Every structure is written in C-alpha cells, then in structure tokens.
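Heads up, the thing below is written out as structure tokens.
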Amino acid sequence: MKNAMRSILTMAAVLMLSVAAIAQTTVKGVVVDGGSGESLPGASIVVPGTTSGTVSGFDGSFALQVPQGASKVVVSFVGFLDKEIALSGAQDLGEIKLESDAVGLNEVSVMASVVTDRQTPVAVSTISADIIENKLGSQEYPEILKTTPSIYTSKEGGGFGDASVYVRGFDSNNVGVLINGIPVNDMENGKVYWSNWAGLSDVSRTMQVQRGLGASKLGLSSVGGTINILTKSTDAKKGGVVKTGIGNDGYRKQLFSISTGMMDNGWAVTLLGSHTYADGYIRGTDYDAWSYYANVSKKINDKHTMSFMITGAPQWHNQRGTKHTIEQYRNHKHEEKYNSDYGIREGKVYGGGYGYNYYHKPQAQLNHYWNINEETLMTTSVYASVGSGGGRRVSGEQSGWLRVDSKTGEDDPNILRTADGLLDFDEVSARNATYTAEGSQAIIGNSVNNHSWIGLLSSLTMTKQAITYTGGLDLRYYKGEHYREVEDLLGGKFFLDDSNINRDADTWLKKGDKYSYHNDGKVLYTGLFGQAEYAGDNVTGFVSAALSRKSYKRVDYFQYAPAEQETDWEHFFPWNVKAGVSYKFNSIHSVFGNAGYVQRTPYFTNVFLNYKNDVNDDVKYEKIITSELGYKYTASNFDAKVTLYRTQWKDRGLVQTIGRSKVNISGLNQLHQGIEFEASYKPSKKLTIDAMFSLGDWIYEDDVNAAVFNEETNELEGEFNAIIKDVHVGNSAQMTGSVSVRYEVLPKLTISGDYLYYGKHYANFDATKRGLNSVPGDAWEMPDVGLVDLGFNYRFEIAGLKASIYGNMNNVFDTEYISKAQDGTTHVSSDALVYYGFGRNWSTGLKVKF
C-alpha cells in the first residue's frame, strides 16, 4: 500500500512539473539603443502584473520564461522610453530598440563625439546618470570617476568645488573637458575650475571618459584624455522631481525640476533648480551654492529641431589654500581638519588670503539639428559664456599680519591670531585705524578673473554604406579680464598702491578700486576638423585630423602708457592627426589599437613672460605622441577590457621666476605608460560586481638645462639645471584599483559597496629646486591607502508617486590618509607639505517623481 501511494505521488509530481513546463514559454531578444545601436546591459524586461522578469546581459541579450497566456512584456532602461511588446507564444523578439526619453539626445551625442564602447577603438568608460545620482552623494562632481582606471581625484584643500581630477597622470590643464560637445577648458591656461560647474551633478545625463587621444573630432589639446559630459536634454515625458538631502557638517540640499514633455505643438520645456549649503568638513570651509538649468526645444518638422539650453551655478565658498607638514597637523587640535587661512570678522567666519572664492559662469547654447536625409545630419551650436568672480588675497605693507608661508606652512613672524588660533581680523582693523595718514597696511583684495567667451561649432555627418564622414568648423573668441580690486580696507580709510604708472601713487583707493595689476588676455581660435569612420561586420576604424590657428594678444593697463598697452597678435598653428582600428573575432573577442600625434600651442603665460607684454621668442610647440593597444571580452554576464598605453609629452613649456631672474624651461619631456584593466560580472539579475586595476609608470625623461635672464635688463646671467631624469610625476596615484558590488537584497532595496586602493603616489615637486647642488633622489612617495564606501537605495511608492530613499557613506572606517603633497628638499615625509583626505562623511535624501 505504501509503495502504491508513493508511486501515485511520484506520478502526480511529474504531471505537475509537466503542466508547469507546458504553462511557460520562453521569450528572448537583444535590447539596444535605438540611436547608436549599442547594446544596453541591465535593461529590465517584465511581464506586467506578475513577478516574472529579468535583466539584459552585458551584450544586451536576455531570455525570459513567461507564463502561458501572457500577452505582453515591458522593456525599460534608465534614460529611455519604456517599450511594450505584444507576445504570441514562444518567440525571438530580435533587436529591441529603445528610444531616448529626451528630445535631440541622439543629435547631441553625435555633436559631442560620444562613442560606442564596443565599436570605437579607444579606451573609454561611461558613467550613467543613475550611477551619478546614486553614488555621488555630497562628494565633489569629479569624484564619481574614482573607480575608473588611471583616474585620480582629490578634494585639494577641501573647499566646495575645489576638486581636481587627473587622467593617466595629467591634470585638468591637459585633459579636454566638453559639455554637450562644447570645450570649457580655460582658453589661456587650459584649467577647469570645477566650482564653476558645481551644478553639473544635478543636470548630467551621462559622463564619458575617453582616455588617451580619444575620438573627439575637435582640435583639442588634451594629453591624458577627454571628459565628455552630456547634460539633460528636454524631457520627452511630462513630469518632475522633488529632492531633498542632508549630511554631515550641516550639509543640506534641495532640488526641483519639471518638464512639460513633448507637447502637440512640438514644444518641450524642462526647468531645474537646486540649492546646496553646508559648514564644510574642513574647518572654516562653509559654502552656499545654487544651480539652475533650462532647456527649451521645438520640433519644427521631421527634419529640423531647435534647442536652447542655459545652465549656471552661482556660488561662494570659504576654502583652505595652504598645505602643512604632517607634524604641523598633528600638533594642532583640529589635526587633519586644520585650516590656517580663516578667522572671525565681526563675529562671522571670514576667509582671508586664499580663503574665499566666489564665481558665476553661466553657459548658454542654441543648437540646430538638421536631419537632411536618412544618411546626412548637420548640427550647429552657437554658444556663449560670461563668467565673473574671483578669490580673496591679502595685500599691503603689513600683509604678514594675515599671511601663512605657503613654502613652509609656517605662520609669518608678524601674524596676528586670536586665542583660538584664528586669523585676528578685528585686531588688524584696530591697527589699520591708527594709520590715518598712511592708509591701511593690510587689506583684503579680490583677484578677479572675468571672461567673455563666444563660439560656433558646426559639423556635417554623412553616412555612405559602411563609412561615416564628418567635417566641421570650430570658431571661438575669448577675452579674460584680470585685476585685483580692494574688497575690505579692514578698518582703514584708504589704501595706497603704486603699481599703475598711469595713476598718481598717492591716489586714495577705496572698495572696488583696482590695484596691483590689471590686464586682459585675448584669444582667437579657428579650427577645421574632419573624420572618416568605417563600421563593418568585424572591422571598425577611424582616421581624423584637425588644423587650427590660435592667436594670443595681451593688454596691460598698469605697466604701460596707453599707446603701448596692447601687443600684436601672436599666431600659432597647432594640428593633430589620429587613427584607430578594431577587429572583432566573434561576438565575444575583439582587439583594438590607435595612435596619434598632437602639436599643441604653448600656454598664454609661456608666450608673454613675467606677467608683462614681453614676448617669449624661444617658445616652442609642445608635442604629444601616443598609442594604445587593447583587448575586449564581452559575454552575456561578463565583460572585460585590457589596455596598454604609451604617451610621450615633449618640449613641455614652463616659465619660473627665481629671485629677480626668469627661467624659461622648454625641454621638459615626460613619458607616461601603463596598463589598465576593468571588468564587470553579473552572476544574477540582482548582483553586479565591477573591478578595475591600473598601473602606470610616469616619469620625467631628461635633466633640463635652461638659460637664466635678468628680469630688468633681459641679459643672460647664467644657466639653470633641473636634475629630474627618472623622477616620477607627482599629484596622481600611479597604481589604482577598486572592487564595486551592487546587490538587490530585498525587492526594490539595493545596497552597494566600493573598495578603493591608491598606491605608487608621489609628491609634486618644484623643478627649480632640483639644481646641481640639491639632494638627489625621487620625490617622496606617499603611503598606500585603501578606502571603503557604502551606499543604499530603496524604491517605493507614496500617494501613487514613485519615490526613493538613498544614502552614502564614504571612507566608512575613517581611514587617515594623505591625498596631496608637495615634495621637500630632502624628499622624505618630514619636510613634505600635505593635504589630508576626508575622513568618514555621509549624506542621505529623499527623491519623489511626479
């Protein structure tokens, strides 16, 4: 009887399994970007009203068991419109193309040279809006890149927006930064001040880093790579977002955005605004920052679309501008949070010299997209940026009352501090008040850097069979105004300054009056670029070239009489050429290689010496020679890339002042080479593991001999020697690694963790201090460090609206580490000047979509 019952139960179980198998069907397909054709890993495929669902693999493919009778599936991906697909039994849906949820995004991507990772033969990493939103938290915007190979980010002194980013050992001066395809590096010195772009974290749709020469068609002078940022376009769907957040040290953030979606009349409008403020992690680094964004688009017809965008981020922040020795930090009660550059003025925090920054740099773009036919697209952007702002500096005969020596980290012998160790601005004011005839002996001035920048970027892209041709024009005009103005007389009635030969030296200067220097830098740029790109079944490749004319003019209002204030235009003709090819062995394995040569214009300050109109006749073009070789592996649940690179930077220009003599160093040659690895593994739809490792060897190739001239007579005085051969490049970790884990522990609750490692990190050094009599040796190597970051995101509904709670904690174990250093004379830790990285910090917030 028992055996009979067991047989009956077994037959019943088999029958039930058979029925279950019959009751399910298999649906499969590949999810791709409808604009670029690139696969979309992590896309969601669900059967509405059921628990059946899956996500696409790294190649965009999926296979889903759906219940018998299911009539449809919904495919969705962040940044794209949902797509509903009707079912009719087991089937292969083939390529499922998702369309962008933003108007004109595909056209902007073409204009901005955003590339397809698996087709374009360059080393590229792409950061999605979802990652930026969920992992950035209260960090600085560039820090979202810290898990990318060969990239090092630092908060510098710790002030809001003062972060720096290095790519393959090159700083932002040598990394091209584009916003919607528009270059934003300073036209005079190549710098990017991230505080001017603090609002980008709110409006970024994606950030793509192309290491090396990259695939940008413009005549960029980037050496290390290109950071390509696409902002949000006008939303194609109606709705909005409300967001609020809090964090350590008084961090607060509020954000609101709204969009009409694409209306029946072809118009669409998206608006966004945010406000962020905090006391700051470092002592005396409070800040207040706003950001705004507006995009108005008009779809005129199937061929023409117009789009206007404006974004800006007015802000002020107190900052720390002085490094100190390790001992100086340890001996101070605030330790690594020590800030020697601020005090209290009339009861309020007051940033003194190098202690305060304010700026507003709105950028506006008017874009026209003309789809001439299915094969031809013309994009044209007219843009303008008008920036204004500066930073505080101490000036005057008794500036030592408020000055810290940046070369030693020690206070000036005459410095005035309160009992709490803060700069004593009230005491300075009291002393200034006693100088009734001489005027203020120590004042606060603003070093102002205003600029006006207008440009036009137009390109024509035409595809004929497997070849895409692109040609275009890049026009820019830039005027930078540089002067110092009186900000605070600190208790005195006036200030005297004899720097302006066109003004009586006894003129009483008041708030807003210019002193010390006043000059303009003007830059004209005309560029032509062209590219041909082949995309076959197994082979893709490109060749591109750019030729330009860059012209400098300097105007000095203080050091010259009116008839002699303006120089002639100094013309330069930089150019570049690059090419790359990739070969796909099959759907899994592929290799790529590229190489290029860049002849780059020297910086403005290397053309005009000594902050005067003196033209440097010996100035040279800088040359960059680079090459890469890589391998890619792509499967449904595993993706990996390995890249070898080599970059030579020849004839790097540097002008230094030693005493009253100038040193024109033009033979600095650097070699940057290394290996990069990144991989992503998705063993299940709930778990993703990412990893990267990079190892570089970045050194100066040669010792340098430089002529020394007397600053006043311009006569040869001797020779300067910089003994720097084989010294490692500083300021950026040459060995980096990370492991990132993202896991959905409960339905709609995702946690994430990052482990970051930095090693082979050398202090920056001053070449002028490495003469024949200096102590030989490499720059000081900072201790290796490992850091852990954690985050979570929980999605839910409130009153029928989609919402999420998110949180991030960085440096969870409060690890003490040095993030930046300046090498001392003996190249050891005791005489290096350093900044410490941030300890444990956190932020959390609520987001509601309507």
Side-chain angles (χ1 to χ4, degrees), residues 20-102 105-106 116-118 126 128-131 133-134 205-206 235-237 239 587-588 634-639 680-690 741-752 793-797 802 804 849:
I22 296 173
Q24 289 187 333
T25 57
T26 301
V27 174
K28 61 182 180 179
V30 179
V31 186
V32 300
D33 181 339
S36 66
E38 184 175 10
S39 60
L40 295 177
S44 173
I45 303 94
V46 299
V47 178
T50 73
T51 58
S52 298
T54 189
V55 294
S56 59
F58 291 113
D59 57 357
S61 66
F62 71 91
L64 174 64
Q65 297 286 331
V66 301
Q68 187 69 32
S71 60
K72 59 185 177 182
V73 293
V74 176
V75 183
S76 60
F77 191 76
V78 175
F80 292 83
L81 298 173
D82 294 352
K83 188 164 188 176
E84 189 176 283
I85 303 174
L87 299 178
S88 56
Q91 56 186 292
D92 186 346
L93 301 178
E95 219 173 53
I96 302 171
K97 296 182 178 181
L98 299 187
E99 300 303 321
S100 167
D101 65 0
L105 182 66
N106 293 331
T116 302
D117 184 13
R118 292 171 180 82
T126 303
S128 68
D130 181 56
I131 296 297
E133 181 175 322
N134 289 321
R205 183 182 183 89
T206 186
D235 293 340
K237 293 175 66 176
S587 61
I588 295 177
T634 304
S636 60
N637 67 344
F638 183 73
D639 184 87
S680 190
Y681 177 51
K682 196 172 185 64
S684 70
K685 69 177 184 178
K686 294 185 177 183
L687 176 63
T688 302
I689 302 172
D690 297 311
V741 179
R742 183 181 174 93
Y743 183 61
E744 186 177 357
V745 293
L746 295 172
K748 300 183 178 181
L749 173 61
T750 302
I751 62 172
S752 61
N793 185 285
Y794 176 63
R795 294 171 288 119
F796 62 98
E797 289 192 0
K802 293 182 178 180
S804 61
K849 299 178 68 175

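All heavy atoms count here, side chains included; hydrogens, waters and symmetry mates do not. Along the sequence shown, residues are numbered consecutively beginning with 1. None of these values were measured; they are calculated from a predicted model.
In this structure S636 satisfies the side-chain hydrogen bond (donor to acceptor under 3.5 Å, both in side chains) test with no other residue, sequence neighbours excluded. Under the rule for a side chain to side chain contact (heavy atoms under 4.5 Å, CB included), the partners of I588 that lie at least two apart in sequence or sit in another chain are N586, Y633. For P747, the side chain to side chain contact (heavy atoms under 4.5 Å, CB included) criterion is met by no residue, not counting sequence neighbours. Judged as a side-chain hydrogen bond (donor to acceptor under 3.5 Å, both in side chains), and not counting sequence neighbours, the contacts of N134 are D130, N793. Partners of K682 under the side-chain hydrogen bond (donor to acceptor under 3.5 Å, both in side chains) rule, at least two apart in sequence or in another chain, are T688. When the ring-ring contact (aromatic ring centres under 6.0 Å, His included) test is applied to F796, the partners found at least two apart in sequence or on another chain are Y794. Taking the ring-ring contact (aromatic ring centres under 6.0 Å, His included) definition, one finds that F62 meets it with nothing, sequence neighbours left out. Legend: residues meeting side chain to side chain contact (heavy atoms under 4.5 Å, CB included) with S76, ordered by chain and number and at least two apart, are S44, D82. With sequence neighbours excluded, no residue forms a side-chain hydrogen bond (donor to acceptor under 3.5 Å, both in side chains) with T750.
Rounded to the nearest 0.5 Å, atoms CD (E797) and NZ (K748) are 5.5 Å apart. Atom-to-atom distance recorded for L687:CG and N637:CG is 11.0 Å, nearest 0.5 angstrom. Note that CZ of R795 and CD of E744 are 6.0 Å apart. Values are rounded to the nearest 0.5 Å. Between the CG atom in D92 and the OG1 atom in T26 there is a gap of 11.0 Å [rounded to 0.5 Å]. Taking CZ of R742 as the start and OG of S752 as the end, the distance is 6.5 Å to the nearest 0.5 Å. To the nearest 0.5 Å, atoms CD1 (I85) and CD1 (I96) are separated by 3.5 Å.
Taking 4.5 Å as the limit, every side-chain heavy atom of V46 sits out of range of all side-chain heavy atoms of L64.
In plain terms, the two heavy atoms of A43 and V31 that are nearest each other are CB-CG1, 3.9 Å. The heavy-atom pair separating P67 from V47 by the smallest distance is CD-CG2, 4.5 Å.
Atom NZ of K686 has more than 12 neighbouring heavy atoms from other residues, nucleotides or ligands inside a 6.0 Å radius. Around NZ of K97, the count of heavy atoms belonging to other residues, nucleotides or ligands within 6.0 Å does not exceed 12.
Within the structure, salt bridge (Lys or Arg N to Asp or Glu O under 4.0 Å) contacts touching residues 39-48 (residues at least two apart or in different chains) do not occur. Legend: salt bridge (Lys or Arg N to Asp or Glu O under 4.0 Å) pairs involving residues 62-77, not counting sequence neighbours, sorted by first then second residue: K72-E84.
Side chain of T206 to main chain of T126: no donor-acceptor pair is present (N/O by atom type, distance under 3.5 Å, no hydrogens or angles).
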